[in-house]
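Note sheet for the following structure.
No experiment lies behind these values; they were computed from the predicted model shown.
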Amino acid sequence: EVRLVESGGGLVQPGGSLRLSCAASGFPFSRSAMTWVRQAPGKGLEWVATISNGGLTTKLSDSVKGRFTISRDNDNEMVYLQMNSLKPEDTAVYSCAKVASGYNSYQWENLYSLEVRGQGTLVTVSS
């Protein structure tokens, strides 16, 4: 059974930082690209970032580029999202997701590429 469990969310002031973690199990982790998505209150799901299976290629949305970094540890089957210079508009539930096989980097930002998604962790940016 594929399992994705996020942690690291919380309340942070504008300009602050958080590091989200996602523990994966139940599938060959090192063979799958991994994605972070978010859903703000009352809004739809938004793609945030994706990392290739080997970790050499990353892609981030324009709204977080320069502030967020995605990384992974294949030995421990973990994927991370380092979030710096947080803004109130970053407030959302953040989830990690396994990218289905067959999708290349040009398709990563399309939500239909997501095969399985975790329950998410809430990030609130507020003073």
Side-chain angles (χ1 to χ4, degrees):
E1 177 190 3
V2 175
R3 195 153 182 255
L4 299 168
V5 180
E6 302 89 345
S7 60
L11 174 63
V12 61
Q13 292 188 338
S17 298
L18 278 177
R19 187 194 195 207
L20 305 184
S21 300
C22 171
S25 61
F27 65 99
F29 181 77
S30 63
R31 290 163 60 179
S32 296
M34 295 295 295
T35 285
W36 283 97
V37 295
R38 67 185 181 184
Q39 187 161 20
K43 296 191 176 180
L45 201 62
E46 177 190 6
W47 171 78
V48 175
T50 303
I51 187 166
S52 62
N53 63 317
L56 295 181
T57 303
T58 63
K59 195 171 179 182
L60 293 100
S61 69
D62 289 343
S63 62
V64 306
K65 200 171 293 182
R67 300 187 297 122
F68 291 12
T69 304
I70 186 171
S71 62
R72 67 189 294 160
D73 177 353
N74 281 353
D75 289 337
N76 292 299
E77 299 188 326
M78 297 288 293
V79 62
Y80 304 100
L81 187 69
Q82 177 66 44
M83 307 185 296
N84 299 329
S85 303
L86 283 160
K87 305 175 181 179
E89 52 263 43
D90 293 318
T91 294
V93 174
Y94 286 73
S95 304
C96 67
K98 175 185 180 295
V99 177
S101 60
Y103 289 95
N104 59 41
S105 61
Y106 297 102
Q107 300 166 300
W108 283 350
E109 59 212 80
N110 292 311
L111 297 178
Y112 60 71
S113 70
L114 306 182
E115 182 178 329
V116 180
R117 184 161 59 99
Q119 291 294 311
T121 185
L122 176 63
V123 172
T124 303
V125 185
S126 174
S127 54

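- Between Leu60 and Ala49 the shortest heavy-atom distance is CG-CB, 4.0 Å.
- Listed for the Asn76 side chain is no donor-acceptor partner under 3.5 Å among the backbone atoms of Met78.
- A donor-acceptor pair is defined here as one N or O able to donate and one able to accept, closer than 3.5 Å; such a pair exists between the side chain of Gln107 and the backbone of Asn104.
- A cation-pi geometry, defined here as NZ or CZ lying under 6.0 Å from the six-membered ring centre and within 45° of its normal, holds between Arg19 and Tyr80.
- Listed for the Thr50 side chain is no donor-acceptor partner under 3.5 Å among the backbone atoms of Thr35.
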Could you go through residues 20-31 and list every donor-acceptor pair under 3.5 Å that involves a side-chain atom there, pairing it with any protein atom two or more places apart or in another chain?
none

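- Checked by atom type, the side-chain pair Ser126/Thr124 shows no donor-acceptor distance below 3.5 Å.
- Glu115 places no side-chain N or O within donor-acceptor distance of the main-chain N or O of Ala97, the cut-off being under 3.5 Å.
- With 3.5 Å as the limit, one finds a donor-acceptor pair spanning the side chains of Asn84 and Ser17.
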- Query: Stepwise, does the side chain to side chain contact (heavy atoms under 4.5 Å, CB included) test hold for Ser63 with Glu46?
  - Reply: CA-CA 10 Å; Ser63 62; Glu46 177 190 6; 3.3 Å; yes
- Query: Does the side chain to side chain contact (heavy atoms under 4.5 Å, CB included) test come out yes or no for Ile70 and Val79, once each step is laid out?
  - Reply: CA-CA 7 Å; Ile70 186 171; Val79 62; 4.2 Å; yes
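- Residue Val123 is not grouped with residue Trp47 when hydrophobic side chains (ILVMFWY) are merged at heavy-atom distances under 4.5 angstrom, including chains of intermediate members.
- When the side chains of ILVMFWY residues are joined at heavy-atom separations under 4.5 Å, either directly or via intervening members, Val64 and Leu114 end up in two distinct hydrophobic clusters.
- Clustering ILVMFWY residues whenever any of their side-chain heavy atoms sit less than 4.5 angstrom apart, transitively, puts Val48 in the very cluster that holds Met83.
- Ser52 is listed as a side-chain neighbour of Trp108, based on a closest heavy-atom distance under 4.5 Å.
- The main-chain N or O of Asp75 is found under 3.5 Å from a side-chain atom of Asp73 such that the two form a donor-acceptor pair.
- Counting heavy atoms from C-beta outward, Val37 and Leu111 have side chains that approach closer than 4.5 Å.
- Put simply, the side chain of Val116 does not reach to within 4.5 Å of the side chain of Arg3, judged on heavy atoms.
- Cluster membership check: Val99 does not share its hydrophobic cluster with Leu81, using side-chain heavy-atom separations under 4.5 Å among Ile, Leu, Val, Met, Phe, Trp and Tyr.
- Using a 4.5 Å cut-off between side-chain heavy atoms of Ile, Leu, Val, Met, Phe, Trp and Tyr, with links allowed through other members, Leu45 and Tyr112 fall into different hydrophobic clusters.
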Contacts table for residues 87-94: side-chain donor-acceptor under 3.5 angstrom, sequence neighbours left out:
unit_1, atom_1, unit_2, atom_2, d
Asp90, OD1, Arg38, NH1, 2.9
Asp90, OD1, Arg67, NH2, 3.0
Asp90, OD2, Arg67, NH1, 2.7
Asp90, OD2, Arg67, NH2, 3.4
Asp90, OD2, Lys87, N, 2.8
Thr91, OG1, Pro88, O, 2.9
Thr91, OG1, Val125, N, 2.9
Tyr94, OH, Arg38, NH1, 2.9
Tyr94, OH, Asp90, O, 2.6

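- Checking side-chain atoms of Lys59 against main-chain N and O of Ser105 turns up a donor-acceptor pair under 3.5 Å.
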